Asker: 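Quick one: structure below, then a few questions.
Per chain, numbering begins at 1; letters A, B, ... match sequence-line order. Source: prediction; values computed, not measured.
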Amino acid sequence: QKEVEQNSGPLSVPEGAIASLNCTYSDRGSQSFFWYRQYSGKSPELIMSIYSNGDKEDGRFTAQLNKASQYVSLLIRDSQPSDSATYLCAVRPNQGGKLIFGQGTELSVKP
Amino acid sequence: GAVVSQHPSWVICKSGTSVKIECRSLDFQATTMFWYRQFPKQSLMLMATSNEGSKATYEQGVEKDKFLINHASLTLSTLTVTSAHPEDSSFYICSANTQGASNQPQHFGDGTRLSIL
């Protein structure tokens with residue numbers, strides 16, 4: 001079992017719809033969770049960080065964390081073509097340690 | 001805040017050349033920096049963790065004599081690809097943690113695209 005798993009996609013949604021990206025992790029002791037967006041040919045950029053169970057909202061983005069189910073998700077409301085990118089889920093098992101990345105989910109928002 | 005600068009952004013060179021890539025934290029001190037490699041259509045692969053003032057920790061399968069890492073100050077880490085060959089062509093990206101903020105996200109540089117002819 002991979003440490004951090006994501007569906008590779010591509011996930012295709014129409015413009016204006018909600019895009020739902022999912023991620024599961026294997027280390028139950030993980031404390032920090034991050035979503036990064038990576039455009040083709042570019043380096044990752046941080047979208048959201050979440051540390052506690054529940055929802056965290058920032059503009060059109062909502063991160064959801066369920067530590068009991070070892071599950072973290074990212075919702076993108078009112079999806080725009082500019083949201084088309086690969087979304088990377090990253091988990092830090094221990095404080096200060098390295099991040100473990102999922103393989104990324106490719107999102108395509110169709111006009 | 002938390003800006004990471006990486007240089008150069010693009011390198012094209014002949015096989016056998018050694019290439020040095022710099023990673024700087026511009027507005028914070030980074031005791032730890034990370035070096036990743038990414039091949040097309042694949043996810044990030046951690047190569048090594050660079051610690052200021054000590055030897056880097058390499059991931060399994062990464063040749064430490066091939067990929068030399070130096071982290072001489074709290075704001076600069078370098079990766080040198082020695083005697084590069086075409087199979088070393090890839091996208092190399094560094095990232096850094098903010099000093100003293102062990103649960104904070106990593107901030108990435110813009111990456112270096114290395115092409116070996």
Asker: In terms of heavy-atom proximity below 4.5 Å to chain B, should A:Phe33 be classed as side chain, backbone, both, or neither?
Answerer: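 For A:Phe33, there is no contact with chain B at all, as no heavy atom is under 4.5 Å.
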Asker: Taking all non-hydrogen atoms of both residues into account, name the closest pair between A:Ile47 and A:Asp58 and its distance.
Answerer: O-OD2, 4.5 Å
Asker: Tell me which of these, A:Thr86, A:Leu99, A:Leu46, has more heavy-atom pairs under 4.5 Å with chain B than the rest.
Answerer: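 Winner by heavy-atom pair count: A:Leu99.
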Asker: So what's closer than 4.5 Å to chain A heavy atoms on B:Gln38: side chain, backbone, both or neither?
Answerer: side chain
Asker: Under a 3.5 Å threshold, yes or no: a donor from one side chain and an acceptor from the other, between A:Ser73 and A:Gln64?
Answerer: yes
Asker: Give a yes or no on whether A:Tyr87 and A:Tyr25 share a hydrophobic cluster (residues Ile, Leu, Val, Met, Phe, Trp, Tyr; joining criterion: side-chain heavy atoms under 4.5 Å apart).
Answerer: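 Yes, it is one cluster - the side chains of A:Tyr87 and A:Tyr25 are joined through contacts under 4.5 Å.
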Asker: Considering only heavy atoms, which portion of A:Gln38 lies under 4.5 Å from any heavy atom of chain B: side chain, backbone, both, or neither?
Answerer: side chain
Asker: Using the ring of B:Phe91 (Phe, Tyr or Trp, six-membered ring only), decide whether B:Arg113 places NZ or CZ under 6.0 Å from its centre and within 45 degrees of its axis.
Answerer: yes
